[in-house]
Amino acid sequence: MMRRRPNSVIANTEYVEGDPDLSGDNEGRLGLKSSRFDLFSSSRRVFALCLMFRMVNSLLVQTYFNPDEHWQALEVAHRIVFGYGQLTWEWSKGIRSYLHPMVFVLMYKFMAFFHLDTPYFMLKAPRLLQSIFSSIGDLYLYKLSHRVFGKRVAQWTIFAQLTNWFMFFCFTRTLSNCLETVLTLMGLYYFPSFRESSKPSCVTSRTLGLALAALACAIRPTSAITWLYIGLLELLETHDRMAFVFLEVAPTGFVVLALTHLLDWWMYGYQTLVPLNFLKFNFLSSGGDYYGTHKWHWYLTQGFPVMLFTFLPFCIVGIFQSKRWKLFGLMAWVIGLYSLLGHKEFRFVLPVLPIALMFSGYSLATLEAGVGSNNKRKIPSKNDNNRTSKVWLAILFLLSTNLPMALYMSLVHQRGSEDVMYFLSKEERDDKVRSVLFLTPCHATPYYSALHRNLPMRFLDCSPSDTGILDESDRFMLDPTGFISDLVKDWSIPSHIVLFDSQERQLKEFLNQHSFVEVKRFFHAHFKVDRDLQASIVVYALAL
């Protein structure tokens with residue numbers, strides 16, 4: 001039993017045996033709670049807070065991060081609704097499900113019906129929609145941490161979730177990983193494995209958790225890595241294992257898989273089992289390695305620490321203070337298995353980042369409550385002011401490091417790719433654009449979903465090949481002049497050419513010879529990522 005803190009304040013510091021006082025009864029210490037209005041008094045208020053934050057967050061995200069945000073979701077949905085859009089090679093191989101793009105199909109239908117498909121709304125609406133899903137994920141992270149650790153830790157967890165630079169930068173993007181993360185947080189909340197052992201298990205709650213897990217796997221088959229750990233954990237702890245497997249897991253998984261299969265059969269026009277195709281390409285044939293590989297330890301030494309950033313020490317402390325080894329095991333399992341794959345990306349481990357931030361929230365709540373490393377709670381003393389100062393210093397440290405990073409990555413770094421498409425979409429409405437050639441690495445910009453006009457466009461292909469022949473994108477990057485000399489032998493001259501300044505210098509003479517003039521230059525980046533520095537992206541137009 002936790003002992004109630006006495007009202008008197010004594011000069012000498014003493015310790016009281018028991019669990020940390022993190023349930024929330026000391027939450028007024030930092031002046032974060034008003035006696036008249038408490039933001040955390042109900043789930044509705046927490047959701048409203050998260051929704052307002054994420055909507056503003058989505059409007060502040062104006063940079064390019066990963067091609068899949070546009071090419072595997074918005075471009076597909078745009079093609080379904082408006083009849084034109086580019087399908088990448090993944091769709092010809094049947095390794096992508098139409099389930100995730102269908103979310104944005106409904107949005108585009110709504111926009112078309114009310115004539116809201118203007119350049120600005122086509123750019124902003126998808127992330128605004130995702131911000132709703134993201135705020136639901138934030139809410140369920142709060143509810144999960146409240147259930148596991150108590151109210152005060154839940155409040156600090158939301159602080160960590162909303163201020164972590166990578167969550168701000170990534171969570172409102174239209175990547176399937178973001179929706180996978182939302183479904184994972186919701187599913188974790190409904191699974192009994194992470195509740196207090198004294199609380200009874202609810203079959204209905206677990207079935208809902210299984211349905212959410214199946215949806216996450218349908219959207220991203222690699223989500224099975226996460227749910228295999230949780231399923232095995234539940235299997236070990238449940239009383240009736242046969243009923244769990246055959247009356248809950250199997251029927252729920254079958255229904256979701258069958259419905260997803262019917263959707264894909266309808267959209268593809270032929271029967272194909274997307275999860276199997278995905279497994280064959282990414283795991284059995286290591287097809288993902290075509291787009292680059294990292295050392296096995298990349299997630300441990302670079303990827304995940306960069307995502308956590310300055311929350312990392314708080315996370316480590318929180319893991320050892322809380323001793324919630326099942327949650328830590330989930331993080332270790334996911335990062336460990338993904339480390340075995342050659343192709344690695346930050347977004348692949350996004351679903352366990354909120355778990356790490358929950359541990360950060362625990363350490364912050366412990367710091368505020370004054371719990372020592374031996375898990376003993378200090379009786380209030382005159383040193384309370386020192387402890388409060390440490391908490392405010394921690395807040396200042398986290399905000400001063402994460403907010404500049406979040407704003408820079410969301411507003412500045414690699415923004416040219418989106419700015420150029422917004423410019424072209426406005427130019428097209430003034431009948432200034434007839435066709436566009438993108439002399440950039442493949443998928444370096446959004447496409448028809450941003451331009452929103454059915455006119456001829458051409459980009460450099462980068463589909464994987466079994467022949468060992470370099471794709472167009474690689475050939476262009478190696479020898480821009482030689483590639484373009486071959487291209488003009490059989491081309492329909494475009495009205496506009498888009499390219500980065502790093503290739504512009506080599507093609508300047510070619511552009512002048514073919515009467516192309518610069519019409520607009522957009523800032524793109526201050527430093528290189530995985531190629532030569534692409535400081536700006538330039539639009540050339542054919543002189544009349």
Side-chain angles (χ1 to χ4, degrees), residues 64-76 78-79 84-96 101 173-177 277-278 280-283 285-294 341-348 414 416-418 420-421 435-451 456-491 494 496-504 506-507 524-525 528-534 537-538:
Y64 200 73
F65 172 40
N66 187 280
D68 283 11
E69 179 182 4
H70 300 278
W71 290 81
Q72 304 299 350
L74 304 183
E75 195 69 16
V76 182
H78 192 277
R79 181 186 178 94
Y84 59 97
Q86 183 70 33
L87 294 183
T88 61
W89 62 269
E90 290 97 329
W91 298 92
S92 64
K93 290 183 177 291
I95 65 174
R96 296 281 184 177
R173 295 182 184 271
T174 54
L175 293 162
S176 58
N177 310 85
N277 299 336
F278 187 94
K280 287 180 178 179
F281 181 82
N282 286 287
F283 290 90
S285 65
S286 299
D289 293 358
Y290 181 80
Y291 294 102
T293 60
H294 293 86
L341 303 178
H343 181 59
K344 300 176 177 65
E345 296 185 34
F346 292 106
R347 61 192 178 98
F348 292 168
Q414 296 189 155
S417 294
E418 301 210 354
V420 72
M421 294 307 298
S435 58
V436 186
L437 171 63
F438 292 87
L439 292 177
T440 65
C442 69
H443 309 142
T445 69
Y447 213 52
Y448 282 110
S449 61
L451 188 72
M457 295 201 295
R458 166 90 153 84
F459 68 96
L460 305 182
D461 182 61
C462 59
S463 302
S465 172
D466 297 328
T467 63
I469 299 176
L470 291 177
D471 58 49
E472 288 185 337
S473 181
D474 286 339
R475 281 159 38 211
F476 172 73
M477 297 302 291
L478 288 172
D479 183 14
T481 305
F483 179 87
I484 201 68
S485 298
D486 292 336
L487 183 66
V488 297
K489 295 176 182 177
D490 184 26
W491 78 338
H496 289 69
I497 292 179
V498 177
L499 72 169
F500 286 106
D501 64 314
S502 51
Q503 284 71 51
E504 176 198 22
Q506 301 177 59
L507 297 177
H524 187 64
K528 68 178 183 178
V529 180
D530 54 357
R531 304 178 187 271
D532 293 335
L533 173 62
Q534 297 167 334
I537 188 167
V538 194

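For the single chain, residues carry numbers from 1 onward in sequence order.
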Could you go through Thr440 and Leu460, starting from their C-alpha distance and side-chain angles, then the distance that decides it, and tell me whether this counts as side chain to side chain contact (heavy atoms under 4.5 Å, CB included)? CA-CA 7 Å; Thr440 65; Leu460 305 182; over 6 Å; no
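Closest approach of Gly416 and Ile537 over heavy atoms only: O-CG2, 3.5 Å. Ser473 approaches Cys442 most closely through the heavy-atom pair OG-N, 3.1 Å. Summarising the geometry of Ala450 relative to Met421, their closest heavy-atom pair is CB-CB, 3.9 Å, with the distance given to 0.1 Å. In this structure, Glu504 and Val538 approach most closely via the heavy-atom pair OE1-CG2, 3.7 Å. A pairwise comparison of heavy atoms in Ser502 and Leu533 identifies CB-O, 3.6 Å as the closest pair. When all heavy atoms of Gly85 and Glu75 are compared, the pair lying nearest together is CA-OE2, 3.4 Å.
Asn277 places a side-chain N or O within donor-acceptor distance of the main-chain N or O of Gly94, the cut-off being under 3.5 Å. Between the side chain of Glu472 and the backbone N or O of Asp461 there is at least one donor-acceptor pair closer than 3.5 Å. Proximity of a side-chain donor or acceptor of Trp71 to a complementary backbone N or O of Thr445 within less than 3.5 Å is detected. Within the 3.5 Å criterion, the main-chain N or O of Gly292 finds a donor-acceptor partner in the side chain of His343. Asp471 places a side-chain N or O within donor-acceptor distance of the main-chain N or O of Asp474, the cut-off being under 3.5 Å. A side-chain donor-acceptor contact under 3.5 Å links Ser417 to the backbone of Ala444.
Once rounded to the nearest 0.5 Å, the distance linking CE of Met477 with CZ of Phe500 reads 8.5 Å. Taken from CD in Gln503 to OG1 in Thr481, the straight-line distance is 10.0 Å, to the nearest 0.5 Å. To the nearest 0.5 Å, atoms CD (Gln506) and CG (Asp501) are separated by 11.0 Å. Of the inter-residue distances, the one linking Ile95 atom CD1 with Asn282 atom CG reads 5.5 Å to the nearest 0.5 angstrom. Distance check: Gln86 CD to Trp91 CH2 gives 13.0 Å after rounding to the nearest 0.5 Å. If you take NE2 on His524 and CD on Gln534, they are separated by 5.5 Å, rounding to the nearest 0.5 Å.
Aromatic pair Tyr64/His70: centroids less than 6.0 angstrom apart.
For the pair Thr88 and Arg96, the minimum side-chain heavy-atom distance is 4.5 Å or more. Tyr448 places a side-chain heavy atom less than 4.5 Å from the side chain of Met457. Looking at heavy atoms from C-beta onward, Phe348 lies out of side-chain contact with Leu341 at the 4.5 angstrom threshold.
The aromatic rings of Trp89 and Phe281 lie tilted to each other, with the angle between the two planes from 30° to 60°.
Of the residues Leu439, Val436, Leu487, the one that meets the side chain to side chain contact (heavy atoms under 4.5 Å, CB included) test with Arg458 is Leu487.
Using a 4.0 Å cut-off between charged side-chain N and carboxylate O, Glu69 and Arg347 make no salt bridge.
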